[in-house]
Number of protein chains: 2
Amino acid sequence: MSDSGANTPTVDDVARLAGVSIATVSRVLNGSARVSDDKLTRVRAAVHELGFRPNPAARSLAGRHARIIAVLAGTTSRFEQVEIIRGIEESSRAAGYLMSLTAVGDADDDSIDQALSLVLDQAVAGVIVLTSDAVGVAALRRIPEGILTVTVSGMPQNGVPHVSLDEPAAAGELVAYLLGLGHTTVHCVGVPASPNEDERILGWRRALRAAGAATPEVIHSSEEPNSGCAIGRQLARSPGVTAVFCGSDVLAMEVMHGLAEAGKSVPDEVSVVGFGDHPLAALWRPALTTVNQDFAGLGNRAFLVLDGLISGPLGRTFASAAPALVVRDSAASPVDPGGAALT
Amino acid sequence: MSDSGANTPTVDDVARLAGVSIATVSRVLNGSARVSDDKLTRVRAAVHELGFRPNPAARSLAGRHARIIAVLAGTTSRFEQVEIIRGIEESSRAAGYLMSLTAVGDADDDSIDQALSLVLDQAVAGVIVLTSDAVGVAALRRIPEGILTVTVSGMPQNGVPHVSLDEPAAAGELVAYLLGLGHTTVHCVGVPASPNEDERILGWRRALRAAGAATPEVIHSSEEPNSGCAIGRQLARSPGVTAVFCGSDVLAMEVMHGLAEAGKSVPDEVSVVGFGDHPLAALWRPALTTVNQDFAGLGNRAFLVLDGLISGPLGRTFASAAPALVVRDSAASPVDPGGAALT
DNA sequence: TTGAAAGCGCTAACAC
DNA sequence: GTGTTAGCGCTTTCAA
């Protein structure tokens with residue numbers, strides 16, 4: 001029964017050592033009310049001497065809300081997701097929240113519920129779901145009512161606060177650039193992500209329509225590691241393909257690899273552009289023309305929106321950085337029928 | 001005072017609805033003792049009907065240990081770290097632990113303490129520190145006594161349980177391969193990571209010594225995004241450089257880029273090998289010869305060791321997968337002085 | 001097998 | 001300003 005000192009100290013120990021009541025200790029801990037300088041110092045000294053740390057469970061039981069936010073994602077290791085998560089972590093750390101990260105293995109209910117129960121069993125202040133892939137979207141649907149939630153990336157899901165980059169605009173810029181180079185149309189290779197059309201494809205389609213250009217069938221890559229390579233080889237065989245817009249930089253690299261395997265040269269015979277400005281895009285040969293997206297900034301905003309929800313119902317929205325076209329070497333003017341490049 | 005139903009249900013609500021005591025509810029919740037089939041069913045029904053979830057704070061206050069493990073890291077977005085973290089998350093999820101992730105901004109005490117207090121304020125069961133960079137190592141030093149800790153990657157730190165891959169062996173294989181190709185020595189470009197020598201450099205040095213080859217001065221890359229490019233250009237100017245071992249695949253790509261800028265061709269004039277088998281290594285031109293490392297598996301083991309620490313003092317160790325050399329196209333036999341390749 | 005009751009360590013009224 | 005006290009929602013003896 002006697003707190004002889006072996007175990008972790010409690011407020012009682014601190015109070016006793018400082019010669020004050022536990023309420024006073026609590027007050028200095030939270031700065032919630034005026035405390036005389038004298039006792040303030042004594043409490044602080046006692047806290048320090050004991051190496052006291054308030055028990056978080058007791059704290060949140062007594063009313064303070066949890067300082068953990070959870071992020072849920074299907075994939076956590078692709079460039080985009082990594083950056084978004086990094087952004088979330090950065091902002092939540094700055095705001096004094098611990099970020100938890102849980103991957104959802106599969107889109108089936110069991111995997112989702114298992115991942116979800118981990119989160120729900122931990123008194124989190126709110127959750128951010130990465131809805132850039134089907135698994136994330138599926139997970140979102142099983143989050144019970146009453147859990148503060150925001151989604152990030154991908155399409156907005158009915159009613160849930162959502163933050164995203166202007167991907168249609170970014171994709172549109174790329175397509176417009178390609179069209180401006182003289183290509184009559186632009187083919188599209190999409191990331192597997194979306195069950196329905198994703199925003200990048202949307203932007204590609206809109207830009208093509210706006211220019212009155214034909215909209216070829218979208219080719220979808222699969223989850224397989226290098227599925228873009230086969231697509232590249234296939235594209236090499238299709239006549240009339242002079243420009244290809246890919247749903248991500250890595251996908252563009254795979255497509256270029258496949259094109260090269262089939263003997264097509266980029267950008268001389270086929271122009272290829274990516275999406276996202278991957279760190280290796282500039283080192284790629286030929287250096288990849290793409291559009292820069294501030295994924296980490298997107299993560300920052302996702303947290304900020306959630307934090308707004310936690311603090312109160314002030315639904316702030318945040319402006320996103322405009323997409324920046326990064327022109328490098330993987331796109332050029334098409335070769336004219338006669339054989340010579342236009343430029 | 002009356003729990004009319006608006007708020008989240010408690011054990012009391014469940015007990016009342018099921019017509020049993022709260023103790024019985026707790027028993028079925030934890031399966032801690034025999035409960036008659038009749039009451040068991042009624043309680044389960046009540047739990048289900050109310051959508052009851054035990055309050056985690058109350059639970060851990062009442063004695064159950066936290067089900068959160070924290071991971072602390074300097075960098076969280078490089079391939080290696082991303083994979084290690086993915087591995088940790090995977091294993092901890094399987095074991096019913098939520099994983100929190102916090103990046104440590106800088107190596108200064110303030111950044112570290114800020115990151116640490118986030119973790120320490122949350123009743124975590126244990127922490128895993130990624131000591132592959134200087135920031136991680138610095139953070140480790142400030143973790144207070146009594147916090148279950150394991151380090152992963154990088155050099156073992158005095159007394160702290162540590163798991164890592166056999167990086168010296170992996171580096172050695174690469175060097176031996178290069179030497180076997182006919183190179184008289186192998187130059188080395190190290191990742192900035194370590195204040196002191198890292199294990200990859202160690203393996204490189206040992207292998208060279210074992211073969212009786214000269215050990216050139218190690219060139220260190222910096223934290224700057226493409227610092228390896230400049231090193232590549234520099235290497236191109238240095239006569240006698242025929243083979244280069246790089247501390248990571250991305251670094252190897254940068255070095256190759258610099259070499260190419262300076263007009264050197266890989267592997268004809270200079271052989272370059274990386275470390276880690278990055279997903280893009282196979283797509284790179286020329287495809288990168290490297291050594292595969294199971295970083296995600298390393299993360300799995302890190303969690304398992306921590307879990308062992310949590311469950312009891314049974315200091316299990318886990319065997320690591322043997323490094324696998326991945327021979328691709330970026331290394332070849334050196335050109336002999338006369339100008340013709342040996343092979 | 002079951003219920004009553006005593007806390008877990010803290011915060012927040014409420015008195016003084 | 002400061003102390004006393006009543007919980008927060010659970011788990012767990014201890015009796016019955």
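Letters A, B, ... mirror the listed sequences (proteins, then strands); counts begin at 1. Keep in mind it's a predicted model, so treat the numbers as computed, not measured.
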Distance test, side-chain N/O of Thr10(B) to OP1/OP2 of dG9(D), below 4.0 Å: no
Under-4.0 Å side-chain N/O to phosphate OP1/OP2 contact, Ser36(B) with dT2(C):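 Ser36(B) to dT2(C) OP1/OP2: side-chain N or O found under 4.0 Å.
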So which heavy atom on [X] is nearest to which on [Y], and how close?
X: Met99(B); Y: Ser92(B); value: CB-OG, 3.7 Å
X: Asn300(B); Y: Gly87(B); value: ND2-O, 2.8 Å
X: Pro161(B); Y: Thr149(B); value: CD-O, 3.5 Å

DNA chain D contacts among residues 39-56 of chain A, heavy-atom distance under 4.0 Å: Lys39(A)
DNA chain D-proximal residues of residues 23-34 of chain A, any heavy atom under 4.0 Å: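 Under 4.0 Å from DNA chain D: Ala23(A), Thr24(A), Arg27(A), Arg34(A).
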Side chain of Val20(A) - closest among dT11(C), dG3(D), dC10(D): dG3(D)
Taking atom [atom2] of [N] as reference, at what distance in whole Å does atom [atom1] of [X] sit?
X: Arg16(B); N: dA4(C); atom1: CZ; atom2: C1'; result: 16 Å
X: Ile22(A); N: dT11(C); atom1: CD1; atom2: C1'; result: 9 Å
X: Arg59(B); N: dT12(D); atom1: CZ; atom2: P; result: 10 Å

Hey, what do you get for [atom1] ([X]) to [atom2] ([Y]), rounding to the nearest 0.5 Å?
X: Asp133(A); Y: Thr75(A); atom1: CG; atom2: OG1; answer: 4.0 Å
X: Ser117(B); Y: Arg142(B); atom1: OG; atom2: CZ; answer: 11.5 Å
X: Asn55(B); Y: Thr10(B); atom1: CG; atom2: OG1; answer: 9.5 Å

Residue met sooner reading DNA chain C from 5', once Gly19(B) and Ala58(B) are mapped to nucleotides: Gly19(B)
Carboxylate-amine/guanidinium proximity below 4.0 Å for Arg86(B) and Glu83(B):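 Yes, this pair counts.
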Check: Leu165(B) and Phe295(B) side chains under 4.5 Å, non-hydrogen atoms: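 Heavy-atom side-chain distance check passes, below 4.5 Å.
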